[in-house]
Amino acid sequence: MQENLILDIQKINKSFPGVRALKDATFSVQRGSVHGICGENGAGKSTLMKILSGVYLKDEYTGVIQFDGKELRLKENAIHEAKELGIDIVYQELALVPKMTVGENIFLGKEPTHAGRIDWSSLYSRTQEILQRYSLDINPQAVIETLSVGKQQLVEIAKACAGKTKLLILDEPTSALSEKEIKILMNTVKTLKSNGITCIYITHKLEEVFEITDTVTILRDGAVVTTKPTSEYTNETLISYMVGREMTERFPKRDPKLGDVVLRVEKFTVQDPHNPKKHSSHDATFDVRKGEIFGIAGLMGSGRTELIRALYGEYGTKLSGNVFINGKIKPIKSAQDAMKSGMFLVPEDRKTEGLILQQSILKNITIPSLDIFSSFFRIDKYKELKTAQTYAKKMAVKAPSLYVKASTLSGGNQQKVVLAKALLSDPQVLILDDPTRGIDVGAKYEIYKQMVELTNEGMSIIMISSSLEEILGMSDRIMVISEGKVITVLDSGEANQEIIMHHAVGAS
Ligand SMILES: Nc1ncnc2c1ncn2[C@@H]1O[C@H](COP(=O)(O)OP(=O)(O)OP(=O)(O)O)[C@@H](O)[C@H]1O
Ligand SMILES: [Mg+2]
């Protein structure tokens, strides 16, 4: 292995029942570089990273991996062994202890001691030093659960780099971060690189790929399509390598025909359950028409999610205001009430709210709609399967069968299952909270196409999104929220990124 390489991966094969997750995957990573890995949902990215970080052992895959001049042969206690060798991974799901402080987390299991006791002042001053090294403005004594998800993610990276990390793997690190936090993370990766640490960076966000990586490997269906310097790709070629075909447009064409008002929200004020003095939504008034895609934009923490969850009867205490569906007032006190009134919410956090991970794909899709297949308390199993198949196909869910557990699906395919479930319940108003988070470009386009088709059939869609591009590309009207207040509702024709941001930061 050449001296300038830190990692050399040769012919890795890994299968799960019914799936070949990696097929002869072969590429190498330059020492001190930021190496991007791109590919569609289910391409095998996370599986490969799990092999490198010791989640899967040497006898669970075939192929040869050289790391830092030696063959990597991880056996029992492999995760620990990988760390000792200098390989660290930060998963999308956080792994910090919520009730402990930042410092306690960073030094967990390797606390500095003095005369047989934990030396707290050294622990916190060293934490401070590490945080400063990466210009992270975080209090070492803050308890983890009081920090935003973004800050927690940064602590996780600081923790990984506090040790003797040589290779840091970041698997979709920014999918839950705000714009500002993403900037900080990008800078942190640059600092790591200048300190000689190699990074493998997995993301579905192409801007990040072009900003931060030196080289990109593209995986498709478990095989490496190509590895090239980032400068040799364009947006278009990167996408076509990933999806295996040309994609000329990012958003499908649409010719909206708007009908009457379906949902009207009037002077809706909700008390923040964590702070009785605060309103998480204040005096919100808006309406959504039949066949409309109604976008909701706002910064992370602006109250977008709280507003719709409150409408859905799942959050806060309503202080005043009303919700009308088709002109009739609806007292919605729970998600069941909301569904009966014709709404369906696809939540932001699919892992904890959208899916039952230990259940099959089939059950995940059909459970909320079981009455469709039931008569006299019996479920028509055949009809249930056929229907689930139709909807799974509609959303292009990629899985060996509908009987496998949802937990075995790649991130993006889990999201498609949640959407399939929503469609089956056939709501009048479908509410999507950041529906394409963690979803690859090709699958995003499929979801957008579905949205267009559904609205053509008369469904109304409310879509919250952190991506202004997506909001602008898909919405008929855009409501901008800042600090729990509706600032404005714009027609898509009069909106652009600057105007939305201007309202979102509360500058108007
Ligand atoms: N524990 C498992 N059991 C069964 N199949 C699995 C398991 N883990 C992954 N797979 C399958 O292996 C394939 C690769 O999954 P992987 O999670 O590596 O994809 P990915 O490229 O990370 O996708 P995403 O962008 O959606 O995160 C998928 O088809 C997935 O369903
Ligand atoms: Mg993944």
Side-chain angles (χ1 to χ4, degrees), residues 9 12-25 27 35-57 60-63 78-79 89-95 153 169-176 200-206 208-209 216-225 227 238-239 241-244 349-351 354-355 357-362 364 392 395-420 434-447:
I9 292 172
I12 301 295
N13 284 283
K14 164 93 190 141
S15 294
F16 296 106
V19 194
R20 269 189 80 190
L22 291 168
K23 295 175 201 156
D24 281 340
F27 67 97
H35 193 109
I37 299 189
C38 292
E40 292 187 292
N41 298 128
K45 305 179 295 292
S46 297
T47 302
L48 185 57
M49 296 310 117
K50 286 177 186 163
I51 288 178
L52 293 176
S53 58
V55 174
Y56 300 127
L57 308 183
E60 295 175 292
Y61 63 91
T62 64
I79 295 177
I89 181 162
V90 174
Y91 295 102
Q92 193 176 335
E93 307 83 36
L94 296 163
Q153 190 83 278
I169 300 169
L170 299 164
D171 193 351
E172 290 192 55
T174 61
S175 58
I200 290 185
Y201 195 94
I202 299 181
T203 182
H204 288 291
K205 297 184 188 163
L206 302 188
E208 292 175 8
V209 175
V216 178
T217 291
I218 313 255
L219 279 176
R220 187 164 73 224
D221 292 329
V224 171
V225 179
T227 299
L238 194 77
I239 292 173
Y241 278 125
M242 283 197 281
V243 302
D349 186 353
R350 59 177 168 254
K351 280 251 163 67
L355 283 176
L357 288 170
Q358 291 314 312
Q359 286 271 17
S360 66
I361 299 175
L362 175 79
N364 268 290
M395 288 316 311
V397 175
K398 206 169 141 191
S401 96
L402 292 187
Y403 295 109
V404 305
K405 286 182 185 168
S407 61
T408 68
L409 293 180
S410 76
N413 278 298
Q414 290 181 346
Q415 180 69 338
K416 294 186 208 165
V417 171
V418 179
L419 289 166
D434 235 347
T436 63
R437 181 201 277 186
I439 298 226
D440 70 60
V441 275
K444 264 187 195 153
Y445 191 79
E446 294 304 315
I447 289 174

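In listed order, ligands and their atoms are each counted from 1.
- Checking only distances, Pro17 never comes within under 3.5 Å of ligand 1, N or O to N or O.
- Lys14 has its side chain out of reach of Thr62: every pair of non-hydrogen atoms, C-beta onward, lies at least 4.5 Å apart.
- Counting atoms of ligand 1 from 1 in the listed order, those under 4.0 Å from a heavy atom of Asn41 are 23 (O), 24 (P), 25 (O), 26 (O).
- The protein atom (non-hydrogen) at minimum distance from atom 1 (N) of ligand 1 is Phe16 CE2, 3.7 Å.
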_Between Lys45 and Asp440, is the salt bridge (charged side-chain N to carboxylate O under 4.0 Å, His left out) condition met? List the steps._
CA-CA 12 Å; Lys45 305 179 295 292; Asp440 70 60; over 6 Å; no
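- Close contacts of ligand 1 with Glu40, meaning ligand atoms under 4.0 Å from a residue heavy atom, involve 21 (O).
- Considering only heavy atoms from C-beta on, Pro173 comes within 4.5 Å of Tyr201 through its side chain.
- Residue contacts with ligand 1: Lys50 is excluded, as none of its non-hydrogen atoms falls under 4.0 Å.
- For the Mg ion (ligand 2), the set of nearby N, O or S atoms under 2.8 Å includes one belonging to Ser46.
- Val19 CG1, 3.5 Å is the protein heavy atom nearest to atom 29 (O) of ligand 1.
- By the side chain to side chain contact (heavy atoms under 4.5 Å, CB included) test, Lys405 pairs with Gln358, Ser407, Thr408, sequence neighbours left out.
- The distance from ligand 1 to the heavy atoms of His204 drops below 4.0 Å at these ligand atoms: 25 (O).
- Between Asn41 and His204, some side-chain heavy-atom pair lies under the 4.5 Å cut-off.
- One side chain, Asp171 or Ser46, offers a donor N or O that lies under 3.5 Å from an acceptor on the other.
- In this view, Tyr403 and Leu362, Leu385, Ser401 satisfy the side chain to side chain contact (heavy atoms under 4.5 Å, CB included) rule, not counting sequence neighbours.
- At a threshold of 4.5 Å between non-hydrogen side-chain atoms, the residues Val441 and Val243 count as touching.
- In this structure, Glu172 counts as a contact residue of ligand 1, since one of its heavy atoms falls inside 4.0 Å of the ligand.
- The atoms of ligand 1 that sit less than 4.0 Å from any heavy atom of Leu409 are 31 (O).
- Heavy atoms of Gly39 come nearer than 4.0 angstrom to ligand 1 in no pair at all.
- Looking at Val224 and Asp24, their side chains never come closer than 4.5 Å, going by heavy atoms from C-beta outward.
- Nearest protein heavy-atom neighbour of atom 30 (C) of ligand 1: Thr408 O, 3.5 Å.
- Here is the list of ligand 1 atoms found below 4.0 Å of a heavy atom in Ser46: 17 (O), 18 (O), 20 (P), 22 (O).
- Within the listing of ligand 1, atoms 12 (O), 13 (C) sit less than 4.0 angstrom from a heavy atom of Ala21.
- Shortest contact from atom 14 (C) of ligand 1 to any protein heavy atom: Gly42 O, 3.4 Å.
- In this structure, a donor-acceptor pair under 3.5 Å is present between the side chains of Thr203 and Glu208.
- Here the protein heavy atom with the shortest distance to atom 18 (O) of ligand 1 is Thr47 OG1, 2.6 Å.
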